[in-house]
2 protein chains.
Amino acid sequence: MPQTPEPFDLSSYIPYRLAVAAERTSAALARRYREEFGISVAEWRVLVHVSDAGAVSIRDIHQRVHLEKSKVSRAASRLEEAGYLIKEVNGQDRRLLALRLTDKGQDLMAQLLPIAQAFQTQLKQLLDSQLEAFDSALQVLMEDDL
Amino acid sequence: MPQTPEPFDLSSYIPYRLAVAAERTSAALARRYREEFGISVAEWRVLVHVSDAGAVSIRDIHQRVHLEKSKVSRAASRLEEAGYLIKEVNGQDRRLLALRLTDKGQDLMAQLLPIAQAFQTQLKQLLDSQLEAFDSALQVLMEDDL
DNA sequence: CAGTATTCGTTGCACTTGCAACGGTGTCAA
DNA sequence: TTGACACCGTTGCAAGTGCAACGAATACTG
């Protein structure tokens with residue numbers, strides 16, 4: 001019996017499908033604001049959290065938005081250099097930073113958020129009846145031990 | 001009316017959820033063979049396609065497994081250097097390469113494939129009743145224009 | 001044919017990434 | 001108070017990445 005190296009169908013392999021779908025989705029979103037605003041995905045996540053939560057530390061962002069702390073640090077530095085946010089030292093604990101949006105940063109978010117919302121709406125329409133199951137599947141993959 | 005910068009919940013944002021789920025899944029899989037076999041995700045995809053399709057070109061792999069051609073080229077070079085595959089020139093069209101697994105490469109796949117299959121099984125069990133909808137949602141995200 | 005255009009895989013380059021290590025700061029117990 | 005320890009953000013470094021440009025090979029066109 002020849003040991004056929006049992007064919008493996010990558011295109012039905014969940015980690016692969018997930019990676020491709022995520023990459024396409026991120027790329028589609030990035031297209032919508034990278035060229036116009038020069039914002040990367042990492043910077044986008046930092047902006048969202050700072051915009052939402054006010055004065056946050058690098059560590060806060062790291063924990064909340066699933067980014068390496070060095071990635072957060074560098075994204076924040078780029079955003080600071082671009083004038084979208086400022087870094088202050090936290091008075092309570094001087095190891096911590098307190099990141100805040102500048103006016104320019106708030107203007108930026110006022111432009112970015114509608115784009116992001118529209119994309120979310122588009123995706124929801126696309127997924128339609130599968131949305132609910134899709135979402136709870138993602139929840140499992142985001143939280144369970146793998 | 002103060003223009004509240006309408007809160008944006010990143011944790012319910014599909015591109016974000018998808019990215020996190022994909023990253024966790026890929027990381028979990030990579031853990032299972034990176035340390036033991038020293039194989040990256042790109043190399044894994046190349047291996048799978050070469051293992052499946054026999055003598056393939058860089059371009060074939062590029063189109064089939066969603067990898068930049070330079071990424072494929074470099075992954076293939078690493079795999080060649082590690083002795084898992086060989087590059088021959090295609091006799092019909094000498095611009096093309098024909099990648100093939102070596103015996104060592106086939107041995108490697110014989111070890112990797114069961115691990116990959118087991119992980120797929122684990123994921124299917126985890127997703128369970130949502131699996132079908134999840135899969136067709138991924139199909140949409142992989143194929144439709146976004 | 002000759003000459004141009006196209007395709008293939010590689011590579012140079014600038015940039016990003018992950019990881020470990022670092023200095024600066026705070027905590028806690030002796 | 002002092003010393004050991006833990007935590008924060010940054011950075012050095014090696015490796016990986018995307019993109020454009022390249023030489024080699026082939027296809028096309030007149």
Side-chain angles (χ1 to χ4, degrees), chain A residues 19-20 22-24 26-31 34-35 38-46 49-50 53 55-82 85-100, chain B residues 19-20 22-24 26-31 34-35 37-47 49-50 53 55-82 85-100:
Chain A
V20 172
E23 191 199 330
R24 290 193 84 225
S26 281
L29 180 58
R31 259 204 316 278
R34 171 161 304 179
E35 289 178 5
I39 296 299
S40 73
V41 170
E43 287 155 11
W44 155 250
R45 289 196 197 171
V46 169
H49 191 56
V50 174
V56 286
S57 67
I58 299 284
R59 170 177 150 278
D60 283 333
I61 303 174
H62 158 62
Q63 293 173 336
R64 291 282 210 96
V65 305
H66 235 87
L67 286 178
E68 282 296 315
K69 66 177 182 173
S70 62
K71 213 168 170 178
V72 176
S73 172
R74 294 194 248 236
S77 293
R78 286 191 295 265
L79 290 170
E80 185 187 30
E81 185 156 12
L85 58 75
I86 53 173
K87 300 179 185 172
E88 301 171 342
V89 284
N90 182 321
Q92 324 295 330
D93 184 340
R94 296 206 316 261
R95 291 173 300 183
L96 299 176
L97 289 184
L99 304 184
R100 294 174 203 279
Chain B
V20 172
E23 191 199 330
R24 289 193 85 225
S26 280
L29 179 58
R31 257 204 320 278
R34 171 161 305 180
E35 288 177 5
F37 304 100
I39 295 299
S40 73
V41 170
E43 287 154 12
W44 154 250
R45 290 195 197 172
V46 170
L47 282 173
H49 192 55
V50 174
V56 287
S57 67
I58 299 285
R59 170 176 149 279
D60 283 333
I61 303 174
H62 158 61
Q63 293 173 338
R64 289 280 211 97
V65 304
H66 235 90
L67 286 178
E68 283 295 316
K69 67 176 182 173
S70 64
K71 214 169 169 177
V72 176
S73 171
R74 293 194 248 237
S77 294
R78 287 190 296 264
L79 290 170
E80 184 186 33
E81 184 156 14
L85 56 76
I86 54 174
K87 299 179 188 173
E88 302 172 339
V89 285
N90 181 321
Q92 324 296 329
D93 184 339
R94 297 207 315 261
R95 292 172 300 183
L96 298 176
L97 289 184
L99 305 183
R100 294 174 203 278

Mind checking the [atom1]-[atom2] spacing from [X] to [Y]? Nearest 0.5 Å is all I need.
X     : Y     : atom1 : atom2 : answer
A/R31 : A/S26 : CZ    : OG    : 11.5 Å
B/R74 : B/L67 : CZ    : CG    : 12.5 Å
B/S40 : B/R45 : OG    : CZ    : 10.0 Å
A/Q63 : A/R59 : CD    : CZ    : 4.5 Å
B/L85 : B/L79 : CG    : CG    : 5.0 Å

Rounded distance in Å - [atom1] ([X]) to [atom2] ([N]):
X     : N      : atom1 : atom2 : result
B/E81 : D/dA15 : CD    : P     : 12 Å
B/L79 : D/dG16 : CG    : P     : 12 Å
B/R94 : D/dT26 : CZ    : P     : 5 Å
A/I61 : D/dC8  : CD1   : P     : 13 Å
A/R59 : D/dG9  : CZ    : P     : 7 Å
A/D93 : D/dA6  : CG    : P     : 17 Å
A/H62 : D/dC7  : NE2   : C1'   : 12 Å
A/Q92 : D/dC8  : CD    : C1'   : 16 Å

Exercise. Hey, does A/V46 have a side-chain heavy atom less than 4.5 Å from the side chain of A/V65?
Worked result: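 They are not in side-chain contact.
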Exercise. With side chains defined as the heavy atoms from C-beta onward, is the minimum distance between B/I39 and B/R34 less than 4.5 Å?
Worked result: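 Side chain of B/I39 against side chain of B/R34, heavy atoms only: no contact under 4.5 Å found.
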For this session: Using side-chain contact (heavy atoms from CB on, under 4.5 Å) as the criterion, point out the one residue from B/V89, B/N90, B/L96 that pairs with B/Q92.
Result: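 Considering B/V89, B/N90, B/L96, a side-chain contact (heavy atoms from CB on, under 4.5 Å) with B/Q92 is found only for B/N90.
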Problem set entry | Axis-to-axis angle between the two ends of the helix from C/dC1-D/dG30 to C/dA30-D/dT1 (five base pairs per end, rounded to 10 degrees) |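 Angle reported: 20°, given to the nearest ten degrees.
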Exercise. Reading nucleotides 10-19 of chain C from the 5' end, what letters show protein touch, with B for base, S for backbone sugar-phosphate only, - for no heavy atom under 4.0 Å?
Worked result: BBB----BBB
Problem set entry | Phosphate-side-chain proximity, B/R95 and C/dG9, N/O vs OP1/OP2 below 4.0 Å |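 So the side-chain polar atoms of B/R95 never come under 4.0 Å of the phosphate oxygens OP1 or OP2 of C/dG9.
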Exercise. What residues, two or more places apart in sequence or in another chain, satisfy salt bridge (Lys or Arg N to Asp or Glu O under 4.0 Å) together with B/E80?
Worked result: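 For B/E80 the salt bridge (Lys or Arg N to Asp or Glu O under 4.0 Å) partners, ignoring immediate neighbours, are B/K87.
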Exercise. Touch check for A/S40, heavy atoms < 4.0 angstrom, all strands: base, sugar-phosphate only, or nothing?
Worked result: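 If one applies the 4.0 Å heavy-atom cut-off, A/S40 turns out to touch nothing in the nucleic acid.
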